[in-house]
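Structure record follows, encoded as structure tokens.
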Amino acid sequence: MIKNFIHRLLGKGGKDAPVAAELPPTGRRVEVPREVHRIDPKLIDERAVRVVTTLQDAGFEAYIVGGAVRDLLLGHRPKDFDVATNATPEQVKGLFRRAFIIGRRFRIVHVVHGRGRDHEVIEVSTFRAYLDPSAAEQLVGNEKPGKSDLASKSHVVDASGRVLRDNVWGPQDEDAARRDFTVNALYYDPRRELVIDYHRGIEDSRLRLLRMIGDPETRYREDPVRMIRVVRFAAKLGFEIEAATRAPLVRMADLLGNVPASRLFDEMIKLLQTGHSLASLEELRKQGLHRGVFPILDAVLDDAHRHDGREKFIHMALSDTDRRVGEGKPVAPSFMLACMLWHEVLRRRDDRRSRGESPTVALQQATDAVFDARIGDISGRGKLAADMREIWMMQPRFERRTPSAALSLVAQPRFRAGFDFLRLRADAGELDEALARWWEAFSLADDQEREDLLEEARQADQAARRQTQGRPGARTPAAAGRPVAADRVSAPAEASADDEDDDIEPSGDEAAAPAPARRKRRRRKPAGAGAGAAGGGAGGSQGT
């Protein structure tokens, strides 16, 4: 191995010598002062600074690193701060009261500050060596390795060259070489206010260019997820992808099939939930990665289904997600995914109903089938499935505006997520805007106002039935032997125990006659019903 390395340095080849592109692409260290990089210290989180200075005071090198430095150079306040150091994970852990070593593929330390919702995690990694892929231990096949396969190993790749474990420490210049893009291989010392740059990352940030460090094909084989990351960064930052970095993307996309489903799913969520989802989808199309990578996006972006109503609905959902992220508001993956897969659920539901299934059973079966087909076996599957199912199954319930049904619905913990979904459907023209307005008013109303709204809904439903019955040859859905569509707004409300006389349908001459004046009845409310039952009302929370 040493002999081959010397041959490479001298430009000599040999049958066992790797190609020159695999030579570690280390660069020359350049220290850039504040008057050149112009980073504003006010944009830096004091807790990240505290981690760096604690490590430095203990005699170690330590820097803020990666995307945080890139964002600071662009004048943005970073969302997350990572730290790189020459201290080992065990040494880092020993310096902080609340620090935890995590990871198997890459061992890192999470230093936790604060508690509850206000807590922050600073991720600390140890400088890693840039290793020749041909020198790594190779596992046969691409099956998911078990713990025993990786036990006591520090540098392992699979048959396609994907790195499975890399815990070999090294100097800072090699740590910079093994990072993906030049703009992410920057180190900032907040104490001396210096940026350390090995690969002209500052220049590329000013050119707004994404350039891979080293040979792009080799780097994509090491970690195929880099192909998704380059798309995400291009969309998020508005950068161009350098030609050599872009060239292998479509040709090597099949390597993403070797990435664990959970990791690929996490990358898709990052694409769609970091405030630039529409730009990310456009960049995927531009780079030819919009098909065959993410099953969910296959359902959404398939040209065969464009202009059938779903495109507008999904565009509005993603625009709303981008807006909320930009405003610093929380977004829920379950809500976004429920929006993206809703029309496939409707299609499968309608197919089952055409074969005689009841509306509720058809919707339940469609929900299960879509989740299994498009999301599959991922980490957190149970919670995600429960939240998406609740949003979808709540939609038919919004059409039942009887007292017991309405009060029960607004008392649901996930009412606000279901209402947000209803509101989006109305905005997209999928259902009557008046229904969304009624539920928004009902969720915020006091007891007396809810009485009035329920009476208004009862009269509107009766008027709609009379209009339907008055048409020559018209039959109600029940009379025709057909179930009412779950997503039809004009469907009559279902009868309930305390309001069943309101749903007696007139027939013949009675249908054309005006309804006699009815005395308003005051109904007894369940304990706790009132303006607070909606959990704060329809606040557009995406279920968070």
Inset, instruction - Check whether any side-chain heavy atom of Arg374 lies under 4.5 Å from a side-chain heavy atom of Val345, and answer yes or no. - result: no
Legend entry - Gap between atom CD of Glu357 and atom CD of Gln365 - 0.5 Å precision: 4.5 Å
Legend entry - Minimum heavy-atom distance Phe398-Phe415, with the two atoms named: CE2-CE1, 3.7 Å
Legend entry - Test side-chain contact (heavy atoms from CB on, under 4.5 Å) applied to Arg401 and Leu453, Leu409, Asp461, the passing residue: Asp461
Legend entry - Glu430/Lys312 under salt bridge (Lys or Arg N to Asp or Glu O under 4.0 Å): CA gap, chis, key distance, verdict: CA-CA 10 Å; Glu430 187 175 307; Lys312 179 180 179 181; over 6 Å; no
Inset, instruction - Verify, without hydrogens or angle tests, whether Gln395 (side chain) and Gly418 (backbone) share a donor-acceptor contact under 3.5 angstrom. - result: yes
Legend entry - Heavy-atom check, side chain of Phe96 versus side chain of Val109, under 4.5 Å: no
Inset, instruction - Report the C-alpha distance between Arg324 and Asp320 in whole Å, list the side-chain angles of each, state the deciding distance to 0.1 Å, and finish with yes or no for salt bridge (Lys or Arg N to Asp or Glu O under 4.0 Å). - result: CA-CA 6 Å; Arg324 292 180 62 85; Asp320 184 64; 5.0 Å; no
Inset, instruction - Taking the side chain as every heavy atom from C-beta outward, state whether Arg458 and Thr402 have any pair of such atoms under 4.5 Å apart. - result: no
Legend entry - Intermediate values then yes/no, side-chain contact (heavy atoms from CB on, under 4.5 Å), Leu407 and Phe442: CA-CA 9 Å; Leu407 290 170; Phe442 188 81; 4.0 Å; yes
Legend entry - Nearest heavy-atom neighbours spanning Ala317 and Leu424: CB-CD2, 3.5 Å
Inset, instruction - Identify the heavy atoms of Leu255 and Tyr220 that sit nearest to each other, and give their distance. - result: CD1-O, 4.3 Å
Inset, instruction - Could you tell me the separation between the CZ atom of Arg70 and the CG atom of Asn184, rounded to the nearest 0.5 Å? - result: 5.0 Å
Legend entry - Heavy-atom pair with the smallest gap, counting every atom of Ser334 and Met388: O-CG, 3.5 Å
Legend entry - Pairwise side-chain contact, Thr321 with Phe335, heavy-atom cut-off 4.5 Å (strictly under): no
Inset, instruction - Begin with the C-alpha distance, continue with both residues' side-chain angles, and end with the deciding distance and a verdict on salt bridge (Lys or Arg N to Asp or Glu O under 4.0 Å) for Glu344 and Arg348. - result: CA-CA 6 Å; Glu344 184 169 0; Arg348 292 182 184 244; 3.1 Å; yes
Inset, instruction - Can you establish whether the number of heavy atoms outside Gln459 located under 6.0 Å from its atom CD is more than 12? - result: yes
Inset, instruction - Evaluate the side-chain proximity of Leu422 to Leu431: yes if any heavy-atom separation is below 4.5 Å, no if none is. - result: yes
Inset, instruction - Report yes or no: does Trp392 contribute a side-chain atom to a donor-acceptor pair with the main-chain N or O of Ala338 at less than 3.5 Å? - result: yes
Inset, instruction - Could you tell me whether a side-chain N or O of Thr274 sits under 3.5 Å from a main-chain N or O of Lys270, the two making a donor and an acceptor? - result: yes
Legend entry - Crowding at CD, Glu327 (>12 non-hydrogen neighbours, <6.0 Å): yes
Legend entry - Validation row: His110, Glu123 side chains within 4.5 angstrom (heavy atoms): yes
Inset, instruction - May I ask you to decide if Ser277's main-chain N or O and Asp322's side chain share a donor-acceptor pair within less than 3.5 Å? - result: yes
Legend entry - Test log, rule side-chain contact (heavy atoms from CB on, under 4.5 Å), inputs Glu455 and Glu451: CA-CA 6 Å; Glu455 178 63 19; Glu451 285 269 358; over 6 Å; no
Legend entry - Straight-line distance of Leu284 CG to Phe294 CZ, nearest 0.5 Å: 6.5 Å
Inset, instruction - Considering non-hydrogen atoms only, spot the tightest contact between Arg50 and His113 and give its length. - result: NH1-ND1, 3.6 Å
Legend entry - Atom pair CZ/CD of Arg450 and Glu456 - distance to nearest 0.5 Å: 14.5 Å
Inset, instruction - Check for a donor-acceptor pair, side chain of Arg77 on one end and backbone N or O of Asp45 on the other, with a separation under 3.5 Å. - result: no
Legend entry - Close side-chain approach of Leu272 and Met340, heavy atoms under 4.5 Å: yes
Inset, instruction - Spell out, as yes or no, whether a donor-acceptor pair under 3.5 Å connects the side chain of Arg226 to the backbone of Phe181. - result: no
Legend entry - Val231 side chain near Glu267 side chain, heavy-atom distance below 4.5 Å: no
Inset, instruction - Drop me the distance from Leu297's CG to Ser280's OG, to the nearest 0.5 angstrom. - result: 10.0 Å
Inset, instruction - Mark yes or no for whether Glu440, through its side chain, and Arg437, through its backbone, hold a donor-acceptor pair below 3.5 Å. - result: no
Inset, instruction - For residues Ala48 and Val83, report the shortest heavy-atom separation together with the two atoms involved. - result: O-CG2, 4.4 Å
Inset, instruction - Identify which one of Arg355, Arg353, Arg349 satisfies the side-chain contact (heavy atoms from CB on, under 4.5 Å) criterion when paired with Asp351. - result: Arg355
Inset, instruction - Show your reasoning for whether side-chain contact (heavy atoms from CB on, under 4.5 Å) applies to Gln412 and Glu390. - result: CA-CA 10 Å; Gln412 295 295 316; Glu390 195 164 2; 4.0 Å; yes
Inset, instruction - To the nearest 0.5 angstrom, please state how far the CZ atom of Phe81 sits from the CG atom of Leu43. - result: 7.5 Å
Inset, instruction - Check step by step if side-chain contact (heavy atoms from CB on, under 4.5 Å) holds for Val331 and Lys329. - result: CA-CA 7 Å; Val331 292; Lys329 296 179 180 178; over 6 Å; no
Inset, instruction - Measure from the side-chain N and O atoms of Arg246 to the backbone N and O of Ile241, and report whether any donor-acceptor pair falls under 3.5 Å. - result: yes
